[in-house]
Amino acid sequence: MNQARANPLNKFAMHGALILYTLIALFPVFVILINSFKTRKAIFREPLALPDAESFSMIGYQTVMKQGDFFLYFQNSLIVTVGSLFFVLLFGAMAAFALAEYRFRGNMVMGLYLALGIMIPIRIGTVAILEMMVATGLVNTLWALILVYTAQGLPLAVFILSEFMRQVSDDLKNAGRIDGLSEYTIFFRLVLPLVRPAMATVAVFNMIPIWNDLWFPLILAPAEEVKTLTLGSQVFIGQFVTDWNAVLSALSMAILPVLVLYVIFSRQLIRGITSGAVK
Amino acid sequence: MTALSLKSVNKSFGNVHVLKDIDLEVEDGEFVVFVGPSGCGKSTLLRVIAGLEDASSGEIRIGGDLVNLTPPARRGIAMVFQSYALYPHLNVRGNMALALKQERQPKAEIEARIAEASRMLGLGDYLDRYPSELSGGQRQRVAIGRAIVRQPKLFLFDEPLSNLDAALRMNTRIEIANLHRALDASMIYVTHDQTEAMTLADKIVVLRDGRVEQVGSPMDLYNNPANQFVAGFLGAPSMNFLPAELVQPGDTRTLGLRPEALYVAEDGALRGDVTHVERLGGDTNVIVRTPATPITVRLFGQHPVSVGDELRLGYDAANAYYFDGEGRRSA
């Protein structure tokens, strides 16, 4: 192990592979970013060139700011994503705790039932979901999206978190019980902090598909005041003419908040991993 | 008064019958040790007493009160766990204070009890540290401190020393013994280590397969084991068992001889070759291969025996134990 680590050739190869992968992964983002700052002509003439004095233009950003209520879309996306993540983590962790901690009849069956959603895409039920939302009057509200995304995220959350909760020391939970802590205090104060890395993993897994989703916003909440960012950006993509400046600018701005959320969660991930190793 | 009394306590997990008709009394101020091989049910019994598992049937009384349906926090017990089980998000002071805060004790009382416990355990300098900043021995002392501040009717220890290294284990063992003297409290201590059981206990409860095999003081059990299991479990090195017909032709019983009861004698009844010698300085343990089975002999002091020597071993008839085919003691 030590020898392999000390070998400079291995180290070089390892870092080389990682850097190569990073470049490949970041290339599309890079192309979007540079082209969002160019004139329309420059985008088509030389898509890979950096913007220079001649081709530099903020026209895309100006269009985005002027047309449509971009900040409202932004806010909607943020509310939906953060709200859904909150409910996925809260209910997922609670269900996982019950499955991992208590012996009751049907525990196993319940676990399997909750995990079934991993294998069945929620979009199959779109028509039924739409009918349900119409019946409850939730169409064109952000709640419609939050509820659907919570349902979509729960199976994986329960599956991952219950596995982690089983590893939390029984002695610790029992010490809490003997000291007179309620089951809720044990869950929130003792168990949740210890499975924080797993929570971060679940959050990252769920966040990006929710933020990027076009399907459900288009079907359940297409009204102007509840449009999400992804749906809002579609106004620039026409059947015959697409305003590429505006599309690229909107996408560039859409990347930012996900990046911030991702950094927050991945910090938690890393902290969790190292604290486990040192202990 | 009795600190704890169990009446025909049973515990099953599904079809697995873990505890079978356990009857037991623990007097006030008594130090009782549950000992047995792993899987004998001793930890389950402790958890049933603590209320972390419900008994399937039977009566549990702590300080005279029936507690079968009382939650653990209100049974007047405190427990020390093998893995310490300190709260990682609280410092030492917070760990000790938590249970008292839950009981809504006044602040001054909490402070006083923590001060007293940390003085007894020498934890004064560590009160503001977090568990991750403490060594294993310190963590275990904090866990014991957390139990002391509650001033429970009954202390429960679940193999508290098995995560410590050998030197620390002996020190902590002495500390626990001193603590028991200082607090004069009733304690129940679970271990699989017969040395801990012999050195700490006022009363030992030997368990096997969920049944109590024998209850008594350490010397009672050592001198007067009820059966072959107890005889073999207590004492180190453990008792030698060999067919009695080796020394008395026609006798079908099993002969039990403690390693320290054997001595080298020209006219000894047993004869064998030395296959291994362990020199400990104060003692010399010799493994001798007799015609039936290898036996261990513990000779006091240092002896010039070497592998391959032929030894004749003798013993006093008073030190010989006999067991019948079922392992029961027979005169």
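Bear in mind that the values here come from a model prediction, so they are computed numbers and not experimental data.
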Counting heavy atoms not belonging to [X], are there more than 12 under 6.0 Å from its [atom1]?
X      : atom1 : result
A:Y184 : OH    : no
B:F13  : CZ    : yes
A:F74  : CZ    : yes
A:M253 : CE    : yes
B:R74  : CZ    : no
A:F12  : CZ    : no
A:M108 : CE    : no

When rounded to the nearest 0.5 angstrom, what distance separates [atom1] in [X] from [atom2] in [Y]?
X     : Y      : atom1 : atom2 : answer
B:L52 : A:N174 : CG    : CG    : 4.0 Å
B:M79 : A:R177 : CE    : CZ    : 12.0 Å
B:H89 : A:L194 : NE2   : CG    : 9.5 Å

A:R189 portion near chain B, given a 4.5 angstrom heavy-atom threshold
both
Looking at B:P131, B:G51, B:S83, B:A50, which has the largest count of heavy-atom pairs under 4.5 Å with chain A?
B:S83
Okay, side chain of B:Y87, backbone of A:A175: is any donor-acceptor separation there less than 3.5 Å?
yes
How close do B:L86 and A:L172 get, heavy atom to heavy atom, and via which atoms?
O-CD1, 3.2 Å
Please report the closest heavy-atom contact between A:I178 and B:R150, naming both atoms and the distance.
O-NH1, 2.7 Å
Please look at B:R47 and chain A and tell me whether the side chain, the backbone, both or neither of the residue comes under 4.5 angstrom of a heavy atom of that chain.
side chain
